[in-house]
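Index from 1, following the sequence. Computed from heavy atoms alone, side chains included, the values below leave out hydrogens, waters and symmetry copies. Source: prediction; values computed, not measured.
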Amino acid sequence: TAEDGLAIDGDLVAVGAGSADAGAVSKAGAVYLFRRQGQTYGPEAKLVAPDASTGAEFGRAVAIQGNMVIVGARFAAVELENGNFLAKAGAAYIFRKYKGTWHLEEKVTSPLPANEDNFGRALAIHGDTLVVTARKESLGANDVGAAYVFLYRGGQWMYQEKLTASDPAPGAYFGQSVALQGDVIAIGARNADPNGAGAFYLFRRSGNGWMEVAKVAPSDGKA
């Protein structure tokens, strides 16, 4: 669909198809990889979740960094430590290419998983920092939203910090979109006040964490 993920890095393009079939699992989602070959792009691989489930929307968000592709699936099933499952908690899947083949390296989930949080709705990567958003996470009110920062340490992605808006509001969808460059994270909240017009929040790395430094909203915005 028009809202599915799209990313490019060097010669590699990743195109998300959140309603594509994954083997025998219908409408689980997939990501199609294309690589530039001279003046054209040719198909390289189709990525799917090994634990694919119908309606997971694997491919709604996608990012590339070098030989790594990260795929968001905002309704993916998540297994809890007690062995129970959350059917639609969401996840981000890390794929890496080695020996000419793409392999699933890790499945990243929220440290506070809950159904319908939309963890994996948007994501961004730069260097050893990964940000995954959950635009419908509740913080005392529905659909306030949050973002989670992970750092690559010891061969795996380790949770660092949860980011929220300084002025959370019901239905703000903080985490609708995200961008990351160096020590700055920009997080979009499409229904944030004033007037429910939407805004973006800037966070800057501070010591071992992150600090909100600005909120930007249109002066003439409407709901």
Do you reckon [X] sits in the same ILVMFWY cluster as [Y], going by side-chain contacts under 4.5 Å, direct or chained?
X      : Y      : answer
Trp157 : Leu112 : yes
Phe58  : Val62  : yes
Val131 : Tyr201 : yes
Tyr152 : Tyr159 : yes
Val48  : Phe95  : no

Closest approach of [X] and [Y], non-hydrogen atoms and distance?
X      : Y      : answer
Ala146 : Thr164 : CB-CG2, 4.0 Å
Val31  : Gly16  : CG2-CA, 4.1 Å
Leu180 : Ile125 : CD2-C, 3.9 Å
Asn115 : Ala87  : OD1-N, 3.2 Å
Val78  : Gly90  : CG2-O, 3.3 Å
Ala197 : Pro218 : CB-CG, 4.2 Å

Inset, instruction - Give a yes or no on whether the ring-centroid distance for Tyr98 and His103 is below 6.0 angstrom. - result: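 Yes; His103 has its ring centre under 6.0 Å from that of Tyr98.
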Legend entry - Pair Phe203 and Trp210, ring centroids less than 6.0 Å apart: no
With side chains defined as the heavy atoms from C-beta onward, is the minimum distance between [X] and [Y] less than 4.5 Å?
X      : Y      : value
Val144 : Ser138 : no
Phe85  : Leu80  : no
Leu33  : Val15  : no

Using only atom types and a distance under 3.5 Å, with no angle test, would you say the side chain of [X] pairs donor to acceptor with the backbone of [Y]?
X      : Y      : result
Asn67  : Arg96  : no
Glu212 : Ser166 : yes
Asp117 : Phe119 : no
Thr133 : Arg135 : no
Asp4   : Gly18  : yes
Asp21  : Lys27  : yes
Asn195 : Lys222 : no
Thr54  : Ala28  : no
Asn118 : Arg74  : no

Legend entry - Check: Tyr148/Glu137 side-chain N/O donor and acceptor closer than 3.5 Å: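 Checked: Tyr148/Glu137 side chains pair up, N/O donor to acceptor below 3.5 Å.
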Inset, instruction - Go through the steps for Lys107 and Asp51 under the test side-chain contact (heavy atoms from CB on, under 4.5 Å), then give the verdict. - result: CA-CA 10 Å; Lys107 178 181 178 180; Asp51 57 352; 2.7 Å; yes
Measuring from [X]:[atom1] to [Y]:[atom2], what's the distance to the nearest 0.5 Å?
X      : Y      : atom1 : atom2 : value
Ser206 : Asp183 : OG    : CG    : 10.0 Å
Arg36  : Ile8   : CZ    : CD1   : 7.5 Å
Leu104 : Ile94  : CG    : CD1   : 8.5 Å
Leu47  : Tyr93  : CG    : OH    : 12.5 Å
Met68  : Trp102 : CE    : CH2   : 9.5 Å
Glu44  : Phe34  : CD    : CZ    : 10.5 Å

Legend entry - Ion pair check, Arg153 and Asp128, cut-off under 4.0 Å: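 Salt bridge present between Arg153 and Asp128.
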Please say whether more than 12 non-hydrogen atoms of neighbouring residues, nucleotides or ligands are located less than 6.0 Å from [atom1] in [X].
X      : atom1 : result
Gln181 : CD    : no
Arg35  : CZ    : yes
Asn208 : CG    : no

Inset, instruction - Apply side-chain contact (heavy atoms from CB on, under 4.5 Å) to the pair Val149 and Leu130, showing each step before the final yes or no. - result: CA-CA 6 Å; Val149 181; Leu130 171 68; over 6 Å; no
Inset, instruction - Please lay out, stage by stage, how Leu12 and Val69 fare under the test side-chain contact (heavy atoms from CB on, under 4.5 Å). - result: CA-CA 10 Å; Leu12 186 66; Val69 173; 4.2 Å; yes
Inset, instruction - Run through Leu202, Ile187, Asp167 and flag the one making a side-chain contact (heavy atoms from CB on, under 4.5 Å) with Lys215. - result: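 Among the candidates, only Asp167 passes.
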Inset, instruction - Please report the C-alpha distance between Lys136 and Glu116 in whole Å, then the side-chain angles of each, then the deciding distance to 0.1 Å, and finally whether the salt bridge (Lys or Arg N to Asp or Glu O under 4.0 Å) criterion is met. - result: CA-CA 7 Å; Lys136 288 191 175 183; Glu116 307 291 344; 5.7 Å; no
Inset, instruction - Could you please spell out the steps behind the side-chain contact (heavy atoms from CB on, under 4.5 Å) verdict for Val132 and Phe150? - result: CA-CA 8 Å; Val132 184; Phe150 299 84; 4.2 Å; yes
